[in-house]
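Read the structure below first, then the notes.
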Amino acid sequence: MKKTAKFLLAFVLLAAVMLSPLQVFAADFTEDFLQKAQDSGSAEGSELHSKTAVLVNLDTGETVFSYHADDAMEPASVTKILVALLLMESVPDLNTPITAPAYALDLLGGTNSSLAGVLRGETLTAEQLLYCLMVPSGNDAAMVIADYLGGGVQGEAIPKFVDMMNQRAKELGCTNTHFVNPHGLHDPQHYTTANDMAKIVQYILSSPYADLFMRVCKTTRYTIPADNVRTTATTLSTTNYMQDSVSGGSYYYKYVEGVKTGSTEEAGYCLVTTAYNASKKARYLCVSFGAPLKDAEGKKAKNGAMLDARALYGWAFSTLSYKTLVTSSAAVKQVALNFAWNKDSLLLVPESDFATMVPTEIDAASVLVTPNDDIPESVNAPVKKGDVLGTATVSYGYGDNKIVLGTIRLVADESVESSQLLVLLDKAKSILGSKWIKIGFAVLVVLLAVYIAVSIAYNIKKKKQQRKNGGTNSRNYKNYR
């Protein structure tokens, strides 16, 4: 039942997107950012520190920046975002007690990985484990959750949970993702992409678990009280310096809210964050993977994933604005109209206002609305106001600098009734111009010609016969006399 419910929820969300009015956004301002980064020196040349990155405007769903975002990358502890989703979906009662099995914790021995300090045999609630998973990036919490959701059988539970992870990622539309563990430690077969991870996070933020998820992700300090094993309370600290005003140092960025950090030698620095700027009324999601852990001298490098996220947010907040560029009252094209009395043309207008993220200097006067080839040369009455009759492309700039912003539907500007007389005349014309009518007419003409020819021949023959008979009768008359 749980799987069915999850599938239905995902289907409903997908259907809502598919059935919504067409307003396809295709704007990508990647080159704009890279050029500004090069000019300002905020990134190394025209490159990012990260190997891949994507920036999505969460208000519109538009991807405004994409840098090798479909390249497969190890996500390190960013993996735990999907673990958190499965826990929230599978355990609706956050007070559910979950006991940490020793074997699951022992599997992390020698990995020198990040831990939340979960103890063998300790019983924590699902909510506490969620905080242990996301705030300090506890691999131990990930293993306990995997064991519990996988059925709790040693040797079977964790592989079963990994199968659940892969199935859920597939359901969410991740086409280049494969997990082999719940914590993200190095494995060449453990990978995802910036775009796939963005899909997972966007789904969570649109799901019933959004508030809980963000409440956990935005937490910088969390305290676990004494329990059945723990003798004193333990306070956990976030690994996301971008949201930690106390310990974040130069990484701190006041607009950041969550979400998850990650790093291994092989994966490099990995990061998923969201940021909200109230003054700009804009919210973004940034995924950055693969920033190097060491610099050219072999020393520990700065967290380039965080530096890139900060630069991308700063660029987006200062450069991009949400604007209405085309209104639904703006005539885009005029097409011929058939079968309407005293009216031979029809205006096409946008189905709805077109608003999107664009550089601040772009306004309605700067954009081009170009009708596409799917618009017919003419339409037949009757036509109802709002009937979709084609599409148009919205863009700005020219030539190599042309930026496509999206595609909009074009609809009839008014309702027009048909004239029955004109329809009947057209049908008559159509009938008279049909293939069989033409063939029949041709046959009729041929038959008439044959008839005329035969009639002429017959008349000629008859006259000849009459003349012949007339000559004989005359002679006979003379003889008679």
Side-chain angles (χ1 to χ4, degrees), residues 2 5-7 9-10 12-14 54-59 61 75-96 98 114 116 124-139 141-142 144-146 148-149 161 164-165 168-169 171-174 177 179 182-184 192 194-224 236-240 242-244 255-262 270-276 283-288 309:
K2 289 180 180 178
K6 289 187 291 185
F7 174 79
L9 179 59
V12 168
L13 291 171
L14 179 62
V54 66
L55 185 68
V56 179
N57 182 282
L58 291 174
D59 302 305
S77 285
V78 168
T79 300
K80 293 164 187 166
I81 291 174
L82 185 56
V83 177
L85 173 61
L86 288 171
L87 178 63
M88 293 185 295
E89 289 180 328
S90 303
V91 187
D93 183 359
L94 295 177
N95 292 316
T96 300
I98 300 174
S114 60
L124 299 169
T125 66
E127 182 175 19
Q128 288 175 322
L129 280 171
L130 189 58
Y131 278 96
C132 289
L133 178 77
M134 300 299 288
V135 177
S137 193
N139 288 350
V144 173
I145 293 169
Y148 180 77
L149 297 184
F161 177 76
M164 293 170 59
M165 293 174 66
R168 196 70 185 97
E171 292 170 355
L172 295 175
C174 299
T177 292
F179 297 117
H183 40 63
T192 188
N195 274 336
D196 279 359
M197 188 53 63
K199 289 178 183 178
I200 294 173
V201 177
Q202 284 178 281
Y203 171 78
I204 296 175
L205 296 180
S206 65
S207 76
Y209 315 105
D211 290 343
L212 169 63
F213 181 75
M214 288 307 297
R215 172 161 56 84
V216 172
C217 291
K218 291 191 292 184
T219 299
T220 57
R221 303 289 184 273
Y222 181 74
T223 299
I224 305 175
L236 306 175
S237 298
T238 183
T239 57
N240 187 358
M242 293 194 75
Q243 67 178 14
D244 191 342
Y255 301 121
V256 163
E257 302 175 332
V259 172
K260 190 71 193 74
T261 64
C270 301
L271 181 68
V272 175
T273 53
T274 66
Y276 175 64
R283 188 184 304 273
Y284 286 92
L285 163 68
C286 182
V287 181
S288 48

Requested in this report: Taking all heavy atoms of Val83 and all of Pro182, pick out the closest pair and write down the distance.
Outcome: CG2-O, 3.3 Å
Requested in this report: Check whether any side-chain heavy atom of Thr219 lies under 4.5 Å from a side-chain heavy atom of Tyr131, and answer yes or no.
Outcome: yes
Query raised in the report: With distance as the sole test, does Thr79 use its side chain to make a donor-acceptor pair with the main-chain N or O of Ala76 at under 3.5 Å?
Result: yes
Query raised in the report: If we ignore angles and hydrogens, is there a donor and acceptor under 3.5 Å between the side chains of Thr239 and Ser137?
Result: no
Report task. Assess whether atom CG of Asp93 is packed by more than 12 heavy atoms of other residues, nucleotides or ligands within 6.0 Å. Result -> yes
Query raised in the report: Is there side-chain contact between Val259 and Thr273, with heavy atoms separated by less than 4.5 Å?
Result: no
**Report entry** Spacing of Cys286 atom SG and Met242 atom CE [to the nearest 0.5 Å]
**Finding:** 8.0 Å
Query raised in the report: If we only count heavy atoms from C-beta on, is the Asn139 to Ser77 side-chain gap below 4.5 Å?
Result: yes
Query - Thr274 backbone acceptor or donor facing Glu257 side chain under 3.5 Å - result: no
Query raised in the report: For the atom pair CD (Gln202) and OG (Ser207), what is the distance rounded to the nearest 0.5 Å?
Result: 12.5 Å
Requested in this report: For residues Leu86 and Phe161, determine if any side-chain heavy atom of one lies less than 4.5 Å from a side-chain heavy atom of the other.
Outcome: yes
Report task. Examine distances only and state if a side-chain atom of Asp59 and a backbone atom of Arg283 form a donor-acceptor pair shorter than 3.5 Å. Result -> yes
Query raised in the report: If only atom types and distance count, is the side chain of Lys199 paired as donor or acceptor with the main-chain N or O of Gly173 below 3.5 Å?
Result: yes
Report task. Taking all non-hydrogen atoms of both residues into account, name the closest pair between Lys260 and Leu133 and its distance. Result -> CE-O, 3.9 Å
Query raised in the report: Looking only at heavy atoms, what is the nearest atom pair of Ile81 and Ile204, with distance?
Result: CG2-CD1, 3.8 Å
Requested in this report: Side-chain contact test, heavy atoms from C-beta onward, threshold under 4.5 Å: evaluate it for Leu130 versus Phe213 and give yes or no.
Outcome: no
Query raised in the report: Under the criterion side chain to side chain contact (heavy atoms under 4.5 Å, CB included), which of Asp244, Asn240, Leu271 is the partner of Val256?
Result: Asn240
Query raised in the report: What's the spacing between Leu129 CG and Leu94 CG if we round to 0.5 Å?
Result: 11.0 Å
**Report entry** For the student: nearest non-hydrogen atoms of Val91 and Ala126, plus distance
**Finding:** CG1-CB, 3.9 Å
Report task. Determine, stepwise, if the pair Arg168 / Tyr203 fulfils side chain to side chain contact (heavy atoms under 4.5 Å, CB included). Result -> CA-CA 11 Å; Arg168 196 70 185 97; Tyr203 171 78; 3.3 Å; yes
Requested in this report: Give, for atom OG1 of Thr238 and atom CZ of Arg221, the distance between the pair rounded to the nearest 0.5 Å.
Outcome: 7.5 Å
Report summary line: Smallest heavy-atom separation, Gln243 atom then Gly258 atom, equals OE1-N, 2.6 Å
Query raised in the report: How long is the span from the SG atom in Cys174 to the CD1 atom in Ile200, to the nearest 0.5 Å?
Result: 4.0 Å
Report task. Ignoring hydrogens and angles, tell me if any N or O in the side chain of Glu89 forms a donor-acceptor pair with the backbone of Tyr209 under 3.5 Å. Result -> no
**Report entry** Side-chain (Thr192) to main-chain (Thr177) donor-acceptor, under 3.5 angstrom
**Finding:** no
**Report entry** Shortest non-hydrogen separation from Ala169 to Phe179 and the atoms involved
**Finding:** CB-CE1, 4.3 Å
**Report entry** Test item: Ile98 and Ile145 side chains (from C-beta on) under 4.5 Å apart, heavy atoms
**Finding:** no
Report task. Would you check if Leu172 and Leu85 make a side-chain contact, meaning some heavy-atom pair closer than 4.5 Å? Result -> yes
Requested in this report: Calculate, to the nearest 0.5 Å, the distance between atoms CE and CE belonging to Met214 and Met134 respectively.
Outcome: 9.5 Å
Query - Non-hydrogen side-chain atoms of Val56 and Val201 separated by less than 4.5 Å - result: no
